[in-house]
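To find a chain, count down the sequence lines: A is the first, B the second, and so on, and within it residues start at 1.
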Number of protein chains: 2
Amino acid sequence: MRPVKVENKQLIEGLFKVFREKGYEGASLNELAEKAGLKKASLYHRFPEGKKQIGMAVLLHSSEWLHTNLYQLLADKNIAATERLEMALSRISELYNQGKETCILRSLSMESGMQIFGEEIKGEMNRWIKYFAQLGLDFGFTEEEALKKGKESLVKVQGSLIVANAMSDTDIFVSSLAEIRELFDK
Amino acid sequence: MRPVKVENKQLIEGLFKVFREKGYEGASLNELAEKAGLKKASLYHRFPEGKKQIGMAVLLHSSEWLHTNLYQLLADKNIAATERLEMALSRISELYNQGKETCILRSLSMESGMQIFGEEIKGEMNRWIKYFAQLGLDFGFTEEEALKKGKESLVKVQGSLIVANAMSDTDIFVSSLAEIRELFDK
DNA sequence: TGAATTATACCGAACGTTCGGTAATAAATA
DNA sequence: TATTTATTACCGAACGTTCGGTATAATTCA
(Lines give C-alpha, C1' and ligand atoms only; values in the text may rest on other atoms or scores of the structure.)
Protein backbone atom coordinates (compact mmCIF):
# COMPACT_ATOMS: atom_id res chain seq x y z
CA MET A 1 0.00 0.00 0.00
CA ARG A 2 1.25 3.40 -0.89
CA PRO A 3 2.29 5.41 2.17
CA VAL A 4 0.49 8.61 2.96
CA LYS A 5 2.14 11.90 2.08
CA VAL A 6 0.96 13.59 5.27
CA GLU A 7 0.44 11.66 8.50
CA ASN A 8 -3.03 11.79 9.99
CA LYS A 9 -2.06 13.78 13.07
CA GLN A 10 -0.21 16.40 11.08
CA LEU A 11 -3.06 16.49 8.59
CA ILE A 12 -5.72 17.12 11.24
CA GLU A 13 -3.61 19.78 12.90
CA GLY A 14 -3.26 21.68 9.66
CA LEU A 15 -6.99 21.49 9.03
CA PHE A 16 -7.69 22.41 12.62
CA LYS A 17 -5.79 25.69 12.34
CA VAL A 18 -7.79 26.80 9.32
CA PHE A 19 -11.15 26.10 10.95
CA ARG A 20 -10.06 27.80 14.16
CA GLU A 21 -8.88 30.94 12.38
CA LYS A 22 -11.57 31.20 9.71
CA GLY A 23 -14.64 29.46 11.10
CA TYR A 24 -16.63 26.89 9.15
CA GLU A 25 -17.86 29.08 6.31
CA GLY A 26 -14.59 30.97 6.09
CA ALA A 27 -12.50 27.83 5.73
CA SER A 28 -12.30 27.04 2.02
CA LEU A 29 -11.38 23.64 0.68
CA ASN A 30 -8.51 25.23 -1.21
CA GLU A 31 -7.00 26.69 1.94
CA LEU A 32 -7.73 23.57 3.96
CA ALA A 33 -5.88 21.50 1.35
CA GLU A 34 -3.02 23.98 1.17
CA LYS A 35 -2.48 24.09 4.94
CA ALA A 36 -2.87 20.33 5.15
CA GLY A 37 -0.16 19.77 2.56
CA LEU A 38 -2.41 17.91 0.12
CA LYS A 39 -4.39 18.81 -2.96
CA LYS A 40 -8.09 19.40 -2.71
CA ALA A 41 -9.00 16.13 -4.41
CA SER A 42 -6.71 14.24 -2.03
CA LEU A 43 -8.57 15.65 0.91
CA TYR A 44 -11.65 13.97 -0.49
CA HIS A 45 -9.77 10.69 -0.55
CA ARG A 46 -9.04 11.05 3.17
CA PHE A 47 -12.49 12.47 3.99
CA PRO A 48 -14.94 11.08 1.43
CA GLU A 49 -17.88 12.91 2.98
CA GLY A 50 -16.26 16.29 2.48
CA LYS A 51 -16.09 19.44 4.51
CA LYS A 52 -18.50 18.42 7.23
CA GLN A 53 -16.50 15.29 7.88
CA ILE A 54 -13.30 17.30 8.03
CA GLY A 55 -14.86 19.62 10.59
CA MET A 56 -16.05 16.66 12.59
CA ALA A 57 -12.58 15.11 12.58
CA VAL A 58 -11.09 18.38 13.75
CA LEU A 59 -13.65 18.63 16.53
CA LEU A 60 -12.98 15.03 17.60
CA HIS A 61 -9.26 15.75 17.64
CA SER A 62 -9.85 18.71 19.97
CA SER A 63 -12.10 16.64 22.17
CA GLU A 64 -9.39 14.02 22.52
CA TRP A 65 -6.77 16.63 23.31
CA LEU A 66 -8.94 18.00 26.09
CA HIS A 67 -9.66 14.58 27.48
CA THR A 68 -6.02 13.53 27.51
CA ASN A 69 -4.43 16.77 28.59
CA LEU A 70 -7.06 18.45 30.72
CA TYR A 71 -9.92 16.27 31.91
CA GLN A 72 -7.81 13.29 32.98
CA LEU A 73 -5.65 15.69 34.96
CA LEU A 74 -8.62 17.40 36.59
CA ALA A 75 -9.98 14.02 37.68
CA ASP A 76 -6.69 12.67 39.00
CA LYS A 77 -7.25 12.34 42.75
CA ASN A 78 -3.61 11.35 43.28
CA ILE A 79 -2.68 14.98 42.77
CA ALA A 80 -3.64 17.67 45.26
CA ALA A 81 -6.52 19.82 44.05
CA THR A 82 -4.44 22.99 44.19
CA GLU A 83 -1.71 21.49 42.07
CA ARG A 84 -4.25 19.99 39.65
CA LEU A 85 -5.75 23.44 39.16
CA GLU A 86 -2.33 24.94 38.57
CA MET A 87 -1.42 22.34 35.98
CA ALA A 88 -4.81 22.64 34.28
CA LEU A 89 -4.44 26.40 33.93
CA SER A 90 -1.00 25.89 32.50
CA ARG A 91 -2.32 23.47 29.90
CA ILE A 92 -5.19 25.77 28.99
CA SER A 93 -2.67 28.52 28.48
CA GLU A 94 -0.67 26.21 26.24
CA LEU A 95 -3.78 25.16 24.31
CA TYR A 96 -4.64 28.72 23.39
CA ASN A 97 -1.03 29.86 23.00
CA GLN A 98 -1.23 32.28 25.93
CA GLY A 99 -4.36 33.84 24.50
CA LYS A 100 -3.05 34.45 21.00
CA GLU A 101 -5.37 31.86 19.49
CA THR A 102 -9.12 31.38 19.73
CA CYS A 103 -11.10 28.30 20.63
CA ILE A 104 -12.30 25.94 17.92
CA LEU A 105 -15.63 25.63 19.74
CA ARG A 106 -16.18 29.33 19.30
CA SER A 107 -15.02 29.29 15.69
CA LEU A 108 -17.42 26.52 14.78
CA SER A 109 -20.36 27.77 16.81
CA MET A 110 -21.83 30.30 14.43
CA GLU A 111 -25.22 29.32 13.07
CA SER A 112 -23.95 27.31 10.12
CA GLY A 113 -21.53 25.42 12.33
CA MET A 114 -24.11 24.86 15.04
CA GLN A 115 -26.42 23.17 12.55
CA ILE A 116 -23.70 20.64 11.83
CA PHE A 117 -21.73 20.40 15.07
CA GLY A 118 -24.29 21.61 17.61
CA GLU A 119 -24.43 18.42 19.64
CA GLU A 120 -20.66 17.96 19.65
CA ILE A 121 -20.00 21.52 20.76
CA LYS A 122 -22.64 21.35 23.45
CA GLY A 123 -21.23 18.05 24.64
CA GLU A 124 -17.71 19.40 24.85
CA MET A 125 -18.81 22.42 26.86
CA ASN A 126 -20.78 20.18 29.20
CA ARG A 127 -17.68 18.06 29.70
CA TRP A 128 -15.58 21.12 30.54
CA ILE A 129 -18.14 22.25 33.09
CA LYS A 130 -18.46 18.77 34.56
CA TYR A 131 -14.73 18.26 35.13
CA PHE A 132 -14.18 21.71 36.59
CA ALA A 133 -17.19 21.20 38.81
CA GLN A 134 -15.60 17.95 39.99
CA LEU A 135 -12.46 19.89 40.86
CA GLY A 136 -14.66 22.29 42.80
CA LEU A 137 -16.02 19.42 44.85
CA ASP A 138 -12.46 18.34 45.62
CA PHE A 139 -11.78 21.87 46.82
CA GLY A 140 -14.63 21.39 49.28
CA PHE A 141 -17.34 23.42 47.62
CA THR A 142 -20.96 22.30 47.59
CA GLU A 143 -22.33 20.71 44.46
CA GLU A 144 -24.16 23.91 43.58
CA GLU A 145 -21.13 26.11 44.16
CA ALA A 146 -18.89 23.75 42.22
CA LEU A 147 -21.23 23.67 39.22
CA LYS A 148 -21.34 27.42 39.18
CA LYS A 149 -17.55 27.61 39.21
CA GLY A 150 -17.37 25.12 36.40
CA LYS A 151 -19.60 27.33 34.30
CA GLU A 152 -17.73 30.47 35.28
CA SER A 153 -14.42 28.93 34.25
CA LEU A 154 -15.78 28.18 30.79
CA VAL A 155 -17.34 31.62 30.43
CA LYS A 156 -14.09 33.27 31.48
CA VAL A 157 -11.99 31.30 29.03
CA GLN A 158 -14.34 31.80 26.11
CA GLY A 159 -14.94 35.45 26.87
CA SER A 160 -11.33 36.34 27.45
CA LEU A 161 -10.27 34.62 24.24
CA ILE A 162 -12.76 36.71 22.28
CA VAL A 163 -11.71 39.94 23.92
CA ALA A 164 -8.00 39.16 23.91
CA ASN A 165 -8.04 38.34 20.23
CA ALA A 166 -10.20 41.27 19.20
CA MET A 167 -8.13 43.72 21.20
CA SER A 168 -4.75 42.07 20.58
CA ASP A 169 -4.25 42.08 24.33
CA THR A 170 -3.29 38.70 25.72
CA ASP A 171 -3.09 40.16 29.24
CA ILE A 172 -6.86 39.82 29.42
CA PHE A 173 -6.55 36.09 28.85
CA VAL A 174 -3.75 35.74 31.38
CA SER A 175 -5.72 37.71 33.98
CA SER A 176 -8.78 35.59 33.37
CA LEU A 177 -6.84 32.43 34.05
CA ALA A 178 -5.68 34.01 37.31
CA GLU A 179 -9.30 34.79 38.14
CA ILE A 180 -10.21 31.16 37.56
CA ARG A 181 -7.48 30.22 40.03
CA GLU A 182 -8.97 32.55 42.64
CA LEU A 183 -12.41 31.19 41.93
CA PHE A 184 -11.35 27.80 43.27
CA ASP A 185 -8.28 28.40 45.42
CA LYS A 186 -8.21 31.59 47.44
CA MET B 1 -37.90 62.21 -4.81
CA ARG B 2 -39.29 58.74 -4.81
CA PRO B 3 -39.68 57.35 -1.29
CA VAL B 4 -37.60 54.37 -0.20
CA LYS B 5 -39.25 50.99 -0.04
CA VAL B 6 -37.60 50.11 3.26
CA GLU B 7 -36.67 52.80 5.78
CA ASN B 8 -33.02 53.03 6.73
CA LYS B 9 -33.46 51.89 10.30
CA GLN B 10 -35.51 48.87 9.36
CA LEU B 11 -33.04 48.12 6.57
CA ILE B 12 -30.02 48.17 8.86
CA GLU B 13 -31.78 46.05 11.43
CA GLY B 14 -32.55 43.37 8.89
CA LEU B 15 -28.95 43.37 7.68
CA PHE B 16 -27.73 43.39 11.27
CA LYS B 17 -29.54 40.17 12.09
CA VAL B 18 -27.97 38.29 9.20
CA PHE B 19 -24.44 39.36 10.09
CA ARG B 20 -25.02 38.55 13.74
CA GLU B 21 -26.33 35.08 13.02
CA LYS B 22 -24.06 34.10 10.15
CA GLY B 23 -20.89 36.10 10.61
CA TYR B 24 -19.24 38.05 7.81
CA GLU B 25 -18.37 35.18 5.47
CA GLY B 26 -21.59 33.35 6.20
CA ALA B 27 -23.77 36.32 5.35
CA SER B 28 -24.48 36.20 1.62
CA LEU B 29 -25.72 39.18 -0.32
CA ASN B 30 -28.76 37.21 -1.41
CA GLU B 31 -29.78 36.53 2.18
CA LEU B 32 -28.88 40.06 3.24
CA ALA B 33 -31.14 41.42 0.50
CA GLU B 34 -33.90 38.98 1.32
CA LYS B 35 -33.91 39.79 5.04
CA ALA B 36 -33.65 43.49 4.26
CA GLY B 37 -36.71 43.31 2.02
CA LEU B 38 -34.88 44.48 -1.09
CA LYS B 39 -33.28 42.92 -4.13
CA LYS B 40 -29.55 42.55 -4.32
CA ALA B 41 -29.12 45.36 -6.82
CA SER B 42 -31.16 47.67 -4.64
CA LEU B 43 -28.83 46.93 -1.77
CA TYR B 44 -26.02 48.13 -4.00
CA HIS B 45 -27.91 51.31 -4.61
CA ARG B 46 -28.13 51.91 -0.87
CA PHE B 47 -24.56 50.69 -0.23
CA PRO B 48 -22.54 51.35 -3.39
CA GLU B 49 -19.34 49.99 -1.86
CA GLY B 50 -20.92 46.62 -1.24
CA LYS B 51 -20.67 44.08 1.54
CA LYS B 52 -17.92 45.76 3.53
CA GLN B 53 -19.89 48.97 3.64
CA ILE B 54 -22.97 47.09 4.76
CA GLY B 55 -21.00 45.48 7.57
CA MET B 56 -19.59 48.84 8.54
CA ALA B 57 -23.08 50.37 8.64
CA VAL B 58 -24.31 47.53 10.81
CA LEU B 59 -21.37 47.97 13.15
CA LEU B 60 -21.95 51.71 13.33
CA HIS B 61 -25.62 51.09 14.09
CA SER B 62 -24.63 48.85 17.01
CA SER B 63 -22.14 51.39 18.22
CA GLU B 64 -24.80 54.06 18.24
CA TRP B 65 -27.23 51.80 20.08
CA LEU B 66 -24.64 51.18 22.77
CA HIS B 67 -23.80 54.84 23.07
CA THR B 68 -27.43 55.92 23.34
CA ASN B 69 -28.77 53.11 25.47
CA LEU B 70 -25.83 52.01 27.55
CA TYR B 71 -22.86 54.37 27.68
CA GLN B 72 -24.85 57.56 28.21
CA LEU B 73 -26.65 55.83 31.03
CA LEU B 74 -23.45 54.55 32.62
CA ALA B 75 -22.00 58.06 32.56
CA ASP B 76 -25.10 59.79 33.93
CA LYS B 77 -24.00 61.08 37.34
CA ASN B 78 -27.54 62.26 38.10
CA ILE B 79 -28.46 58.64 38.71
CA ALA B 80 -27.09 56.69 41.66
CA ALA B 81 -24.38 54.24 40.66
CA THR B 82 -26.34 51.27 41.94
CA GLU B 83 -29.36 52.20 39.89
CA ARG B 84 -27.26 52.96 36.85
CA LEU B 85 -25.78 49.48 37.07
CA GLU B 86 -29.20 47.94 37.42
CA MET B 87 -30.55 49.76 34.38
CA ALA B 88 -27.44 48.96 32.37
CA LEU B 89 -27.78 45.25 33.07
CA SER B 90 -31.40 45.42 32.06
CA ARG B 91 -30.52 47.04 28.75
CA ILE B 92 -27.77 44.54 28.08
CA SER B 93 -30.27 41.78 28.70
CA GLU B 94 -32.61 43.44 26.23
CA LEU B 95 -29.84 43.90 23.66
CA TYR B 96 -29.05 40.20 23.62
CA ASN B 97 -32.65 39.08 24.06
CA GLN B 98 -31.97 37.51 27.46
CA GLY B 99 -29.04 35.57 26.07
CA LYS B 100 -30.84 34.08 23.10
CA GLU B 101 -28.82 36.11 20.61
CA THR B 102 -25.10 36.59 20.16
CA CYS B 103 -23.08 39.77 19.93
CA ILE B 104 -22.33 41.30 16.55
CA LEU B 105 -18.78 42.03 17.73
CA ARG B 106 -18.22 38.34 18.21
CA SER B 107 -19.87 37.45 14.92
CA LEU B 108 -17.68 39.84 12.98
CA SER B 109 -14.44 39.12 14.82
CA MET B 110 -13.27 36.02 13.02
CA GLU B 111 -10.11 36.54 11.00
CA SER B 112 -11.83 37.72 7.84
CA GLY B 113 -13.99 40.17 9.75
CA MET B 114 -11.07 41.40 11.84
CA GLN B 115 -9.18 42.33 8.71
CA ILE B 116 -12.03 44.64 7.75
CA PHE B 117 -13.54 45.76 11.05
CA GLY B 118 -10.60 45.20 13.42
CA GLU B 119 -10.23 48.79 14.49
CA GLU B 120 -13.98 49.33 14.91
CA ILE B 121 -14.39 46.19 17.01
CA LYS B 122 -11.39 47.00 19.15
CA GLY B 123 -12.69 50.55 19.59
CA GLU B 124 -16.11 49.35 20.65
CA MET B 125 -14.68 46.96 23.22
CA ASN B 126 -12.44 49.69 24.57
CA ARG B 127 -15.46 51.92 24.93
CA TRP B 128 -17.36 49.24 26.85
CA ILE B 129 -14.44 48.77 29.21
CA LYS B 130 -13.98 52.52 29.64
CA TYR B 131 -17.60 53.23 30.58
CA PHE B 132 -17.86 50.30 32.96
CA ALA B 133 -14.56 51.32 34.51
CA GLN B 134 -16.03 54.79 34.98
CA LEU B 135 -18.97 53.22 36.78
CA GLY B 136 -16.46 51.37 38.95
CA LEU B 137 -14.87 54.67 39.95
CA ASP B 138 -18.31 55.98 40.90
CA PHE B 139 -18.73 52.91 43.09
CA GLY B 140 -15.56 53.98 44.88
CA PHE B 141 -13.09 51.53 43.47
CA THR B 142 -9.54 52.54 42.62
CA GLU B 143 -8.67 53.21 39.00
CA GLU B 144 -6.91 49.86 38.76
CA GLU B 145 -9.80 47.96 40.33
CA ALA B 146 -12.34 49.76 38.17
CA LEU B 147 -10.47 49.01 34.96
CA LYS B 148 -10.28 45.36 35.92
CA LYS B 149 -14.01 45.26 36.55
CA GLY B 150 -14.65 46.92 33.22
CA LYS B 151 -12.70 44.18 31.49
CA GLU B 152 -14.36 41.45 33.53
CA SER B 153 -17.80 42.71 32.62
CA LEU B 154 -16.98 42.51 28.92
CA VAL B 155 -15.42 39.06 29.26
CA LYS B 156 -18.45 37.81 31.18
CA VAL B 157 -20.93 39.10 28.61
CA GLN B 158 -19.00 37.79 25.62
CA GLY B 159 -18.21 34.46 27.23
CA SER B 160 -21.69 33.84 28.55
CA LEU B 161 -23.24 34.67 25.18
CA ILE B 162 -21.03 32.08 23.51
CA VAL B 163 -21.76 29.42 26.09
CA ALA B 164 -25.44 30.24 26.42
CA ASN B 165 -25.95 30.05 22.67
CA ALA B 166 -23.90 26.91 22.16
CA MET B 167 -25.63 25.12 25.03
CA SER B 168 -29.09 26.61 24.48
CA ASP B 169 -29.02 27.61 28.11
CA THR B 170 -29.84 31.24 28.69
CA ASP B 171 -29.50 30.79 32.46
CA ILE B 172 -25.76 31.08 31.99
CA PHE B 173 -26.21 34.53 30.50
CA VAL B 174 -28.63 35.60 33.21
CA SER B 175 -26.26 34.34 35.93
CA SER B 176 -23.37 36.16 34.36
CA LEU B 177 -25.27 39.43 34.44
CA ALA B 178 -25.91 38.79 38.13
CA GLU B 179 -22.19 38.20 38.62
CA ILE B 180 -21.43 41.52 36.97
CA ARG B 181 -23.80 43.13 39.45
CA GLU B 182 -21.91 41.55 42.35
CA LEU B 183 -18.63 42.61 40.81
CA PHE B 184 -19.56 46.26 41.33
CA ASP B 185 -22.26 46.32 43.99
CA LYS B 186 -21.98 43.81 46.78
C1' DT C 1 -40.49 65.11 -17.99
C1' DG C 2 -36.48 64.09 -15.05
C1' DA C 3 -34.44 62.07 -11.31
C1' DA C 4 -34.47 58.44 -8.08
C1' DT C 5 -35.40 53.83 -6.99
C1' DT C 6 -36.11 49.10 -7.92
C1' DA C 7 -35.92 44.95 -10.75
C1' DT C 8 -34.12 41.83 -14.24
C1' DA C 9 -30.50 39.69 -16.20
C1' DC C 10 -26.02 38.83 -16.23
C1' DC C 11 -20.85 38.49 -15.21
C1' DG C 12 -16.21 36.38 -13.76
C1' DA C 13 -14.53 34.14 -9.86
C1' DA C 14 -14.67 31.09 -6.19
C1' DC C 15 -17.21 27.65 -3.86
C1' DG C 16 -17.64 22.42 -2.50
C1' DT C 17 -17.55 18.30 -4.96
C1' DT C 18 -16.55 14.58 -8.40
C1' DC C 19 -13.96 11.78 -11.58
C1' DG C 20 -10.46 9.69 -14.59
C1' DG C 21 -6.08 8.69 -14.36
C1' DT C 22 -1.29 8.44 -12.42
C1' DA C 23 2.26 7.44 -8.73
C1' DA C 24 3.90 4.51 -5.17
C1' DT C 25 4.02 0.69 -2.45
C1' DA C 26 2.99 -4.35 -0.82
C1' DA C 27 1.78 -8.90 -2.20
C1' DA C 28 1.85 -12.48 -5.45
C1' DT C 29 3.88 -14.92 -9.08
C1' DA C 30 7.51 -16.75 -12.05
C1' DT D 1 15.42 -12.35 -7.54
C1' DA D 2 12.73 -10.15 -11.10
C1' DT D 3 8.31 -9.12 -12.80
C1' DT D 4 3.53 -8.66 -12.58
C1' DT D 5 -0.66 -7.60 -10.07
C1' DA D 6 -3.52 -5.39 -6.61
C1' DT D 7 -4.29 -1.75 -3.63
C1' DT D 8 -4.11 2.54 -1.97
C1' DA D 9 -2.81 7.67 -2.24
C1' DC D 10 -2.68 11.41 -4.81
C1' DC D 11 -3.77 14.98 -8.26
C1' DG D 12 -5.38 17.87 -12.58
C1' DA D 13 -9.38 19.13 -14.54
C1' DA D 14 -13.90 19.84 -14.64
C1' DC D 15 -18.64 19.75 -12.59
C1' DG D 16 -22.89 22.54 -11.14
C1' DT D 17 -23.78 26.09 -7.85
C1' DT D 18 -23.29 30.23 -5.44
C1' DC D 19 -20.48 34.05 -4.52
C1' DG D 20 -19.99 39.40 -4.66
C1' DG D 21 -20.79 42.65 -7.98
C1' DT D 22 -22.65 45.27 -12.27
C1' DA D 23 -24.87 46.70 -16.31
C1' DT D 24 -29.41 48.21 -18.13
C1' DA D 25 -34.26 48.53 -18.37
C1' DA D 26 -38.67 49.40 -15.97
C1' DT D 27 -41.11 51.73 -12.53
C1' DT D 28 -42.32 55.41 -9.43
C1' DC D 29 -43.13 59.97 -7.98
C1' DA D 30 -41.91 65.11 -7.44
* **Side-chain donor-acceptor pair present, B/T170, B/Q98, cut-off under 3.5 Å** => no
Atom pairs under 3.5 Å: protein N/O with N/O of nucleotides 22-24 of chain C:
from: C/dA23; atom 1: N3; to: A/R2; atom 2: NH1; distance (Å): 2.8
from: C/dA24; atom 1: O4'; to: A/R2; atom 2: NE; distance (Å): 3.3

* Is B/E21 salt-bridged to B/K17, cutoff N-O under 4.0 Å? -> no
* To do: Could you work out which one of C/dT18, C/dT8, D/dG21 sits closest to the side chain of B/K40?
  => D/dG21
* To do: Scan side-chain atoms only and decide if A/E25 and A/S112 contain a donor-acceptor pair under the 3.5 Å cut-off.
  => yes
* **Salt bridge flag under 4.0 Å for residues B/R84 and B/D138** => yes
* So does A/E86 pair up with A/R181, basic N to acidic O under 4.0 Å? -> yes
* **Contact list for DNA chain D against residues 14-39 of chain A - heavy-atom distance below 4.0 Å** => A/L38, A/K39
* Asked: Which other residues end up in the same hydrophobic cluster as B/L73, if Ile, Leu, Val, Met, Phe, Trp and Tyr are linked when side-chain heavy atoms come under 4.5 Å apart?
  -> B/I79, B/M87
* Asked: Under a 4.0 Å N-O cut-off, is there an ion pair linking A/R127 with A/E124?
  -> yes
* Determine: side-chain N/O of B/K5 to OP1/OP2 of C/dA7, distance under 4.0 Å, yes or no. => yes
* Asked: Got a sec? Which of residues 44-55 of chain A come in under 4.0 Å of DNA chain D, heavy atoms?
  -> A/H45, A/R46
* Asked: Of all residues at least two apart in sequence or in a different chain, which pass the side-chain contact (heavy atoms from CB on, under 4.5 Å) check with A/E94?
  -> A/W65, A/R91
* Hey, does the side chain of A/S42 come within less than 4.0 Å of D/dC11's phosphate (OP1/OP2), counting only N and O? -> yes
* **Ion pair B/K148/A/E179, N-O distance below 4.0 Å** => yes
* Asked: Quick one: side-chain contact (heavy atoms from CB on, under 4.5 Å) partners of A/M56, sequence neighbours excluded?
  -> A/F117, A/E120
